[in-house]
Every structure is written in C-alpha cells, then in structure tokens.
Amino acid sequence: MSETRSVPLYCPYCGEEDLRPSEAGHGAWECHACTRVFAVKFTGLLDRAVTR
C-alpha cells in the first residue's frame with residue numbers, strides 16, 4: 001500500500017503559508033511566521049455518510 005501525505009496549506013493558528021516540515025516528529029510542521037510547531041494526523045473515516 002502506498003503512503004500519501006497531505007501538506008497543510010496554512011498555519012491553523014495564524015493563517016500564514018510559510019510552513020516547513022519539522023524534526024519534532026512524524027506529521028509535525030513549523031510555521032515560520034508565528035514560530036509554532038503543530039502536528040497533522042489522519043484519524044480515520046466516518047462509518048456513515050455525512051449529510052448537511
């Protein structure tokens with residue numbers, strides 16, 4: 001099975017796009033605008049379809 005990685009498009013804290021992968025761990029990203037490090041993790045899929 002191939003591994004597909006998604007890249008965050010913006011920082012969830014400040015909204016800037018100056019992101020780089022971090023050495024803090026798997027899925028960790030550094031925002032060079034607000035100097036925060038955050039992680040992105042795929043948890044899973046819903047068992048049912050979401051209706052709006």
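Computed from a predicted structure; not experimentally measured.
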Rounded to the nearest 0.5 angstrom, the OH-CZ distance for Tyr13 and Arg36 is 7.0 Å
Got a second to check how far Cys31's SG is from Glu16's CD, nearest 0.5 Å? 6.5 Å
Scan for salt bridge (charged side-chain N to carboxylate O under 4.0 Å, His left out) pairs involving residues 18-27, sequence neighbours excluded, and state none if there are none. Asp18-Arg20
Mind checking what makes side-chain contact (heavy atoms from CB on, under 4.5 Å) contact with Ala39, not counting sequence neighbours? none
Contacts of type side-chain contact (heavy atoms from CB on, under 4.5 Å), residue Val40, not counting sequence neighbours: Pro8, Trp29, Phe38
Is it the case that one hydrophobic cluster holds both Leu9 and Val37, taking links as side-chain heavy atoms less than 4.5 Å apart, direct or via other members? no
